[in-house]
Amino acid sequence: MTGARSPASPDDPQPPGGTAPGDGRAARSRNRAVRWRDRLTALAWMVGVWNLLWGRLSWGNLLGGLLVGLAVLVFFPLPPVTFGGRLRPRALLVLAGRFVTELVSASIHVARVAVQPGYLPRGAIIAVRLRVRTDLNLALTAEAISLVPGTLIIDVDRERGLLYVHVLDVRGPADLPENRDRVLATEARIVRAIGSATELRLLDTPAPDVPAPAAADPDPPTDRGQDQ
Amino acid sequence: MSAGTVADWLGAACLVAGGLLSLAAGIGVLRFPDVLDRMHAATKPQVLGVLLLLAGVALRLRTTSDIGMIVLVAVFQLATAPVAAQMVGRAAYRSGRVDRSLLDVDELAEER
């Protein structure tokens, strides 16, 4: 493990749809303020977790949590996330509600496949290109789709914003575009809940489909958007 | 019937449902033919099973500090189970331990 990264290391990912890269002192100082806000949020979260782990709130636990949180921030710095800085409560409720119902139906589905005697499910690995390519969105979408029906994340292509998704219990070619749409719908719900205005606009552009070789392409031709 | 009795019965129902789902997840891990299929069983019914067990325990214990701890366990369960499944799935795929005959389409192989 190398030491702390400098705050402006050149390999920091610039969000394609987020704030513009710092092209001026104002933007740079605002970026710095955002980084500090993110660090303080992380610190507050860690202090909260520390107190929950000890089971009660006390001055000693607050101090201990503060020390542990500071140590974590100093010794394990994370790359910056590109959070738009705004939560939409209504969209967040929609996201949570859909997540719970899909988690329940996914669990019942997998449990049924598991106990059905003599049934061998078919699978497939499909590539889904997300419309919002920030790290935060990639990570949240990848987490969420692993818990909703049919899909499980296998690999991520961060530069191109591609998720490789394993689909369980494929019954025919029509299942694949359906699962692709489901991943994109999950992404849309996440962006509507936490994304910035720019990212929201990206949702309205047609999803650029993954160019796949024609021989194995299960998609109907209408499904193919323009590639960038 | 007091509120406590209702909570106890709800908690009992949650415990039984969570136990059954965890059992189904275990059967899935045992019966599915392939790593990737097994990871499906290890994420969805397993996570919901644990969440239901936690809800059952919370309904039975009903103290603030216990519920705080239970919420924390639930949050970390939701956050880590997909990551763990993805790490196992990716490792299996990259080391060629995935049974290709079970896959209808493999767009990851076409990319490489």
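Residue numbers begin at 1 in each chain, while the letters A, B, ... track the order of the sequences.
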Checklist entry - Is there a side-chain contact (heavy atoms from CB on, under 4.5 Å) between B:F32 and A:V110 once you walk through the steps? => result CA-CA 10 Å; B:F32 282 152; A:V110 176; 4.2 Å; yes
Next on the checklist: Would A:L52 and B:V71 count as a side-chain contact (heavy atoms from CB on, under 4.5 Å) here? Give the steps.
Outcome noted: CA-CA 9 Å; A:L52 281 177; B:V71 168; 5.8 Å; no
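Residues B:G28 and A:A114 approach most closely at CA-CB, 3.4 Å, considering heavy atoms. Nearest heavy-atom pair, A:V104 versus B:L48, reported as atom, atom and distance to 0.1 Å: CA-CD2, 3.7 Å.
Contact count versus chain A (heavy atoms, under 4.5 Å) is highest, among B:A85, B:P82, B:G89, for B:P82. With respect to chain B, the highest number of heavy-atom pairs below 4.5 Å among A:V165, A:V156, A:I145, A:T151 belongs to A:T151. Ranked by heavy-atom pairs under 4.5 Å with chain B, the list A:L53, A:D169, A:V170 is led by A:L53. Taking chain B as the reference chain and counting heavy-atom pairs below 4.5 Å, the highest number among A:A142, A:G123, A:S146 is found for A:G123. Top candidate by heavy-atom pairs under 4.5 Å with chain B, chosen from A:L168, A:L57, A:I153, A:V167, is A:L168.
Side chains of A:V49 and B:V75 form no contact here, defined as non-hydrogen atoms less than 4.5 Å apart. Put simply, the side chain of A:I125 reaches to within 4.5 Å of the side chain of B:L36, judged on heavy atoms. Contact annotation: the side chain of B:T64 never approaches that of A:R56 to less than 4.5 Å [non-hydrogen atoms, C-beta and beyond]. A 4.5 Å side-chain heavy-atom check between B:S65 and A:W54 finds every atom pair outside the cut-off. The side-chain heavy atoms of A:I108 and B:K44, taken from C-beta on, include no pair separated by under 4.5 Å.
Heavy-atom neighbours of A:R88 CZ from other residues, nucleotides or ligands within 6.0 Å: above the threshold of 12. A 6.0 Å sphere centred on CZ of B:R100 holds more than 12 heavy atoms belonging to other residues, nucleotides or ligands.
With a 4.5 Å cut-off on non-hydrogen atoms, A:V113 touches chain B through its backbone and its side chain both. Heavy atoms of B:R90 lying under 4.5 Å from chain A belong to its backbone as well as its side chain. With a threshold of 4.5 angstrom between heavy atoms, B:A25 does not approach chain A through any atom at all.
Taking OG from A:S107 and CG from B:L51, the interatomic distance works out to 8.5 Å, rounded to the nearest 0.5 Å. Note: B:I27 CD1 to A:Q116 CD = 13.0 Å, rounded to the nearest 0.5 Å. Separating the OG1 atom in B:T43 from the CG atom in A:L103 is a distance of 9.0 Å, to the nearest 0.5 Å. The distance from atom CG of B:D34 to atom CG of A:L120, rounded to the nearest 0.5 Å, is 9.5 Å. The CD atom of B:Q86 lies 8.5 Å from the CG atom of A:L152; values are rounded to the nearest 0.5 Å. Interatomic distance, CD of A:E143 versus CG of B:L78, reported as 8.5 Å (0.5 Å rounding).
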